[in-house]
Amino acid sequence: MSISTTYIKILGGLLIFFLSLNAFSQSKKKFKTKYDRDDLELVPPAPDYNQMKYWIAHPDVQDMADEVPGKGELKEYQDNAEVDVFFIYPTIYSKKQEKDHPWFADVNDEKLNKEIAKSTIRNQASVFNASAKVYSPIYRQAHIGVYYNDNLPLKVEALDFAYTDVKRAFEYYLENWNNGRPIIIASHSQGTNHAVKLLRDFFESRPLMEKLVAAYIIGMPLDKGTFSYISPCDDPKETGCWLTWNTYIRDYYPPQHEFWYGDALNVNPLSWTTDTTYVSWGANRGGVLRNFKKIRPGLSDAQNMDGMLWVNKPRYFWKFLINWKRYHIVDYNLFYMNIRENVAERVETYLEENKPD
């Protein structure tokens, strides 16, 4: 099996993040890290995307993607949106592995699905609800333990299997709900793993490319050559492009930095450019913490540096309790309002440029 450097970097980027968290490092021994092909074939039942219960976010259902932070300053406008977003969430299946299917999440696990909704859907997918109808499928995500396994071909197979659900869900969305509407592809972490494949399979060199508003594929080290026909974004109004960033504390370099991030591209979410200009706290329109209750202007600064997005420690009362090196889990949270406003700007630009004659 031939495995691309980009794919290896995607896998490694997530591993670096978890190794950088002390709490996770201490619990690593809970995960099964040796497995063979027989283990890989133990899978839970497939989701039926004809059933609404297998969509963690959908514009026709009240869900966490409809939420907005703050005290009434923001509204969601999915009913009137002219654009769709297809959001692929990150790894949430990171606790005890099920013995009957150790490597893949059960889409009927109600406890896990509630955790997905309250974390990534509320804190990440909701950022798009002012400008787009939000669609997000529940899929048999790979367990985080996959990233600790030394067998690279089987590791890739595990992620490829998870992608089959994402692909089927996107096909169902296209056939039943898209109706020729413009599309945003959005993701984080493992979700970005799958989003890259989705963009290659459905957009590059295909008619659907004309419908791509932008791809917000966050939280994995991706280089400029990730796509052959989709260019990186380097302007806040640019459309038909892709963007990403990986947030670290200023002056920190993760293990094997040069391999993972030497060629990585970052778009600064405070300036929406790829240059290394430092952007101060005042440009941050507002971030949200994990409880999602309050918009916090000036939460973070940002600067692209050596394949990473560097930030100083975010400004909030309890910051002295946090000693993170990588801010992976809050890649969206730190820049929530800037992302929200940028999505609106790109959508407006796309619709203006694609007015019917």
Side-chain angles (χ1 to χ4, degrees), residues 3-11 13-14 49 57 83-91 120 124-125 127-128 131-137 139 141-142 156 159-175 177-178 180-235 238-246 263-267 269 272 274 331-332 339 342-343 346-347 349-350 354:
I3 302 171
S4 70
T5 301
T6 297
Y7 211 106
I8 294 173
K9 287 185 177 182
I10 288 174
L11 299 175
L14 194 57
Y49 292 114
V83 168
D84 296 338
V85 60
F86 189 86
F87 180 81
I88 311 168
Y89 55 78
T91 308
T120 174
Q124 298 177 339
V127 79
F128 299 95
S131 303
K133 295 180 182 290
V134 184
Y135 295 86
S136 184
Y139 68 98
Q141 61 182 285
V156 170
L159 289 169
D160 283 347
F161 175 81
Y163 171 69
T164 63
D165 282 353
V166 174
K167 182 178 181 180
R168 285 192 306 105
F170 189 68
E171 289 171 336
Y172 188 88
Y173 153 77
L174 288 177
E175 292 170 5
W177 297 312
N178 175 255
R181 290 161 56 85
I183 305 171
I184 296 169
I185 299 298
S187 60
H188 188 244
S189 202
Q190 182 179 151
T192 291
N193 208 164
H194 307 315
V196 168
K197 294 174 69 65
L198 195 75
L199 287 160
R200 289 172 175 168
D201 287 347
F202 289 89
F203 290 84
E204 284 212 291
S205 300
R206 297 175 183 273
L208 203 57
M209 181 64 199
E210 296 180 5
K211 296 295 183 180
L212 182 65
V213 177
Y216 292 78
I217 48 177
I218 315 303
M220 283 290 180
L222 304 175
D223 61 41
K224 293 179 181 179
T226 297
F227 302 103
S228 299
Y229 301 100
I230 308 175
S231 301
C233 302
D234 200 21
D235 180 275
E238 190 174 357
T239 62
C241 56
W242 66 274
L243 53 96
T244 191
W245 60 85
N246 293 273
D263 297 321
L265 176 140
N266 278 275
V267 173
W272 303 105
T274 58
D331 278 329
Y332 275 80
I339 302 169
N342 181 251
V343 171
R346 292 189 199 273
V347 167
T349 301
Y350 178 92
N354 292 273

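As a basis for the values below, the full set of heavy atoms in this structure was taken, side chains included, without hydrogen atoms, waters or symmetry mates.
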Item to complete: Please identify each residue that fulfils side chain to side chain contact (heavy atoms under 4.5 Å, CB included) with Ala214, with sequence neighbours left out.
Response: Tyr216, Arg346

Item to complete: Kindly give the heavy-atom pair with the smallest separation between Thr120 and Pro90, and that separation in Å.
Response: OG1-CD, 3.1 Å

Discussion item. Can you list everything that forms a side chain to side chain contact (heavy atoms under 4.5 Å, CB included) with Ala162? Sequence neighbours excluded, please.
Written reply: Tyr139, Gln190, His194

Worksheet entry | side chain to side chain contact (heavy atoms under 4.5 Å, CB included) partners for Ser131, two or more places apart | Val343, Ala344, Val347

Item to complete: Would you mind telling me which of Lys211, Lys133, Arg181 makes a salt bridge (Lys or Arg N to Asp or Glu O under 4.0 Å) with Asp84?
Response: Arg181

Practice prompt. With sequence neighbours left out, write down each residue that passes side chain to side chain contact (heavy atoms under 4.5 Å, CB included) with Asn354, or none if nothing qualifies.
Written response: Tyr350

Worksheet item: Under 30°, 30 to 60°, or over 60°: which ring-plane class applies to Phe202 and Phe170, parallel, tilted or perpendicular?
Response: perpendicular

Item to complete: Specify the closest pair of heavy atoms between Asn246 and Asn266, including all atoms of both residues, with the distance to one decimal.
Response: N-OD1, 2.8 Å

Practice prompt. Would you give the length of the straight line joining atom CD1 of Ile185 to atom OG1 of Thr192, rounded to the nearest 0.5 angstrom?
Written response: 11.0 Å

Worksheet item: Which atom names give the shortest non-hydrogen contact between Val85 and Ala186, and what distance separates them?
Response: CG2-CB, 3.8 Å

Worksheet entry | Any donor-acceptor N/O pair, Arg200 side chain to Ser228 backbone, under 3.5 Å | no

Item to complete: Check each of Leu174, Val166, Ile184 against Phe86 using the side-chain contact (heavy atoms from CB on, under 4.5 Å) test, and report the only one that passes.
Response: Val166

Response to the item:
The salt bridge (charged side-chain N to carboxylate O under 4.0 Å, His left out) partners of Asp331 (sequence neighbours excluded) come to none

Discussion item. Before you tell me yes or no, could you show the steps for Val196 and Trp242 under side chain to side chain contact (heavy atoms under 4.5 Å, CB included), namely the whole-Å CA-CA distance, both residues' side-chain angles and the distance that decides it to 0.1 Å?
Written reply: CA-CA 10 Å; Val196 168; Trp242 66 274; over 6 Å; no

Discussion item. Between Asn178 (side chain only) and Tyr173 (backbone N and O only), is there a donor and an acceptor less than 3.5 Å apart?
Written reply: no

Worksheet item: Quick one: which of Leu199, Ile217, Ile218 gives a side-chain contact (heavy atoms from CB on, under 4.5 Å) with Ser187?
Response: Ile217

Discussion item. If you compare all heavy atoms of Val213 against all heavy atoms of Pro182, which two are closest, and at what distance to 0.1 Å?
Written reply: CG2-CB, 3.7 Å

Practice prompt. Sorted by first residue and then second, give each side chain to side chain donor-acceptor pair (under 3.5 Å) pair with at least one member in residues 162-171; sequence neighbours left out.
Written response: Arg140-Asp165, Tyr163-Asp201, Asp165-Arg168

Item to complete: Could you check whether the rings of Phe128 and Phe87 sit parallel, tilted or perpendicular, using 30° and 60° as the cut-offs?
Response: tilted

Discussion item. Tell me whether Gln124 contacts the main-chain N or O of Tyr89 through its side chain, where contact means a donor paired with an acceptor under 3.5 Å.
Written reply: no

